[in-house]
Amino acid sequence: MQQASLQQQQKIASETLASRIISVKELLKTELDMYEVAKDQLTGEHYLHYAYMHRDFTQTGEPESFHNLLPIDSDDVLGFIFGEQAFAYPEHWLKPFLRNGPEGFYIWFDPTHEVEHQHDEVIAADLLQKLKEFRENGALDSDSVRKLLADLDETGDKEK
């Protein structure tokens with residue numbers, strides 16, 4: 001019987017991952033974090049596994065470990081193993097990946113929403129700066145207002 005891909009499941013028990021995922025090659029290990037190429041031994045799918053330790057000193061100070069699994073294409077596996085491909089979290093994790101939560105389950109997280117939010121904040125800051133400059137200029141004639149509106153439209157058009 002063909003096992004279902006983890007990529008087709010929304011919520012995955014930690015025990016399920018522990019029984020299916022095996023390490024293929026450790027890429028980097030420090031005192032606080034670790035990267036490795038891992039493989040789902042039932043489906044053959046590969047993942048970039050990132051684990052890090054965090055101590056919340058506002059609570060108990062006990063170390064907690066967090067795990068993230070980014071699906072990777074078979075073409076990318078060799079790139080990671082031979083050090084030809086960047087893998088640092090979060091800057092190279094730009095597509096949905098699994099991350100563990102406090103209830104013992106992994107869920108999919110889509111980082112594109114965060115990237116879009118940051119992009120929108122940059123646009124908003126630019127628009128606010130233009131409005132501030134317009135207000136400080138003090139010219140309220142129709143030509144100045146038209147120029148401001150054209151500048152705002154141009155900013156919006158550049159971002160599309």
Side-chain angles (χ1 to χ4, degrees), residues 1-131 152-160:
M1 179 176 110
Q2 177 75 18
Q3 291 290 325
S5 169
L6 298 172
Q7 297 177 51
Q8 296 171 348
Q9 301 175 40
Q10 294 200 348
K11 188 175 178 182
I12 304 162
S14 296
E15 296 81 19
T16 301
L17 279 177
S19 70
R20 290 176 59 165
I21 300 295
I22 58 170
S23 178
V24 173
K25 169 94 165 107
E26 189 174 277
L27 304 174
L28 175 73
K29 187 170 187 170
T30 69
E31 187 178 320
L32 297 176
D33 59 1
M34 181 273 307
Y35 291 90
E36 70 181 354
V37 172
K39 180 179 178 179
D40 181 340
Q41 55 188 343
L42 295 180
T43 65
E45 296 169 320
H46 286 87
Y47 294 86
L48 182 57
H49 176 203
Y50 169 56
Y52 64 96
M53 187 171 315
H54 172 74
R55 290 182 189 261
D56 186 354
F57 289 107
T58 62
Q59 301 293 323
T60 64
E62 288 296 313
E64 284 185 274
S65 62
F66 295 92
H67 298 269
N68 299 305
L69 291 160
L70 175 71
I72 53 176
D73 298 325
S74 54
D75 293 343
D76 294 331
V77 172
L78 291 177
F80 287 119
I81 289 175
F82 293 119
E84 299 168 353
Q85 197 156 333
F87 52 80
Y89 175 87
E91 54 270 12
H92 297 288
W93 291 54
L94 303 176
K95 61 183 187 178
F97 60 90
L98 281 170
R99 68 180 184 184
N100 68 327
E103 289 85 38
F105 288 93
Y106 283 75
I107 58 168
W108 289 98
F109 174 75
D110 188 349
T112 57
H113 300 297
E114 184 66 28
V115 171
E116 290 169 1
H117 177 70
Q118 291 171 353
H119 180 73
D120 291 345
E121 285 184 352
V122 169
I123 295 169
D126 188 32
L127 293 173
L128 286 173
Q129 181 62 34
K130 288 181 181 191
L131 289 171
L152 295 178
D153 282 345
E154 185 177 306
T155 298
D157 289 343
K158 279 193 297 188
E159 301 305 324
K160 290 181 183 176

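We're numbering straight along the sequence, starting at 1.
- Between Y106 and H67, the two ring planes are tilted [angle within 30° to 60°].
- Between A38 and H49 the shortest heavy-atom distance is CB-CB, 4.3 Å.
- Going from atom CG of L48 over to atom CZ of F97 covers 10.5 Å, rounded to the nearest 0.5 Å.
- Note that CG of L78 is 12.0 Å distant from CG of D73, once rounded to the nearest 0.5 Å.
- Atom CG in L28 sits 6.0 Å away from atom CG in D33 (nearest 0.5 Å).
- The NZ atom of K39 sits 11.5 Å away from atom CD1 of I72, with the distance rounded to the nearest 0.5 Å.
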Q) Would V77 and K25 count as a side-chain contact (heavy atoms from CB on, under 4.5 Å) if you check the C-alpha gap in whole Å, the side-chain angles of each, and the deciding distance to 0.1 Å? A) CA-CA 10 Å; V77 172; K25 169 94 165 107; over 6 Å; no
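- The environment of CD in E91 is crowded: more than 12 heavy-atom neighbours from other residues, nucleotides or ligands sit within 6.0 Å.
- D76 meets the salt bridge (charged side-chain N to carboxylate O under 4.0 Å, His left out) test with no other residue; sequence neighbours excluded.
- Considering all non-hydrogen atoms of both residues, S5 and Q9 come closest at O-NE2, 3.5 Å.
- Between P63 and M53, the closest heavy-atom pair is CB-SD, 3.3 Å.
- Side-chain contact check for W108 versus L98: some heavy-atom pair is nearer than 4.5 Å.
- Between the CG atom in N100 and the CG atom in N68 there is a gap of 7.0 Å [rounded to 0.5 Å].
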Q: Decide yes or no on side-chain contact (heavy atoms from CB on, under 4.5 Å) for L70 and Y47, but give the supporting numbers first.
A: CA-CA 5 Å; L70 175 71; Y47 294 86; over 6 Å; no
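- Taking every heavy atom of both residues into account, P96 and P71 meet most closely at O-CD, 3.5 Å.
- Among residues two or more places apart in sequence or in another chain, the ring pair (Phe, Tyr, Trp, His ring centres under 6.0 Å) test is passed with Y35 by Y50, F87.
- When each of E45, Q41, H46 is checked for a side chain to side chain donor-acceptor pair (under 3.5 Å) with T43, only E45 meets the rule.
- Here the straight-line distance linking atom CE of M34 with atom OH of Y52 works out to 13.0 Å at 0.5 Å rounding.
- For S23, the side-chain hydrogen bond (donor to acceptor under 3.5 Å, both in side chains) partners at least two apart in sequence or on another chain are E36.
- Listed here is the closest heavy atom pair of L27 and F80: CD2-O, 3.3 Å.
- For R99 against F109, the heavy-atom pair with the smallest separation is NH2-CD1, 3.3 Å.
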